[in-house]
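Everything quoted here is computed from the prediction, not taken from an experiment. When reading the values below, keep in mind they use all heavy atoms of this one structure, side chains included, and skip hydrogens, waters and symmetry mates.
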Amino acid sequence: MTSPPWDITKDPAAVAPARARAARQLAAWGLEELAFTTELVVSELVTNAIRYASGPIRLRLIRDRTLICEVSDGSSTSPHLRHARTTDEGGRGLFLIARFAQRWGARYAGDGKTIWSEQSLRPAGLEQDVLEAFGDLSDLKDSGPLSRLGSRG
């Protein structure tokens, strides 16, 4: 499934509505648990396009075996991953995307480029892995030998 491409104005105020559209699309697909990471990715990709690109900017989400977020613009300038110093005010966008996405990259065409990121459709982390392996454990009584470790005062 693919969202319709959303046109984004070249204005920093367009970032918040882009995040909101992405969140609504995720809700329509039943993927609300991916909203935090997806909104972060959308925010960073759209902000970079507004700051550094030219031509029309478009955002699109694709739900397949993964969730793909694409931001297209009219520029052919390559994005560069860099490690910002602690005193830098910016420069962390692609680093954050690389950290939270499974993969990311760029595709080039005659009319510009598309920066994309790919996320798993399931929430990340130990909690999800435990649920998949053992199911819901919330009804188990905490009475094992390790349960006393948490109650030391």
Side-chain angles (χ1 to χ4, degrees), residues 1-75 77-109 111-140 142 150:
M1 290 185 269
T2 303
S3 72
W6 299 306
D7 291 328
I8 308 293
T9 60
K10 197 168 169 69
D11 178 356
V15 176
R19 283 192 310 261
R21 279 184 166 178
R24 283 193 304 272
Q25 184 64 61
L26 291 175
W29 287 338
L31 298 173
E32 294 91 344
E33 67 274 8
L34 301 179
F36 178 80
T37 301
T38 303
E39 287 183 53
L40 174 75
V41 168
V42 165
S43 184
E44 295 301 332
L45 290 180
V46 168
T47 297
N48 282 349
I50 289 169
R51 282 187 180 166
Y52 305 114
S54 61
I57 300 170
R58 289 189 181 85
L59 167 64
R60 178 170 83 146
L61 298 179
I62 302 168
R63 179 185 177 187
D64 195 25
R65 291 183 306 257
T66 58
L67 177 66
I68 300 168
C69 175
E70 296 182 337
V71 174
S72 302
D73 62 61
S75 171
T77 304
S78 298
H80 296 285
L81 180 66
R82 69 182 188 102
H83 296 280
R85 295 182 306 253
T86 56
T87 56
D88 290 346
E89 289 186 20
R92 292 173 183 82
L94 290 177
F95 181 78
L96 289 170
I97 290 169
R99 171 67 179 90
F100 288 107
Q102 288 179 323
R103 301 182 314 148
W104 73 276
R107 284 191 319 271
Y108 297 90
D111 61 346
K113 69 177 175 304
T114 299
I115 307 298
W116 56 269
S117 72
E118 187 176 297
Q119 299 169 233
S120 173
L121 290 179
R122 66 184 188 95
L126 180 62
E127 180 180 351
Q128 181 65 31
D129 295 337
V130 169
L131 284 173
E132 286 181 5
F134 301 106
D136 185 11
L137 301 176
S138 62
D139 60 345
L140 293 178
D142 192 15

Identify the two heavy atoms, one from D64 and one from L121, that lie closest to each other, and give their separation to 0.1 Å. O-CD1, 3.1 Å
If you look at every heavy atom in V71 and A49, which pair is closest and at what distance? CG1-CB, 3.9 Å
Distance in Å, [X] [atom1] paired with [Y] [atom2], rounded so as to fall on 0.5 Å steps:
X	Y	atom1	atom2	result
E44	F100	CD	CZ	10.0 Å
L26	T38	CG	OG1	4.5 Å
E118	R103	CD	CZ	4.0 Å
T37	L67	OG1	CG	10.0 Å

Would you be so kind as to tabulate the donor-acceptor pairs closer than 3.5 Å made by side chains of residues 9-23, with sequence neighbours excluded?
from	atom 1	to	atom 2	distance (Å)
K10	NZ	I50	O	2.7
K10	NZ	A53	O	2.5
D11	OD1	A13	N	3.0
R19	NH1	S43	OG	3.3

Below 4.5 Å, heavy atoms only, C-beta onward: do Q25 and W6 meet side chain to side chain? yes
Student check: side-chain heavy atoms of D73 and K113 closer than 4.5 Å: yes
Using side chain to side chain donor-acceptor pair (under 3.5 Å) as the criterion, list what pairs up with S75, not counting sequence neighbours. T77
Scan the side chains in residues 54-63 for donor-acceptor partners under 3.5 Å anywhere in the protein, sequence neighbours excluded, and list what turns up.
from	atom 1	to	atom 2	distance (Å)
R58	NE	D7	OD1	3.0
R60	NE	E70	OE1	2.9
R60	NH2	E70	OE1	2.7
R63	NH1	W29	O	3.0

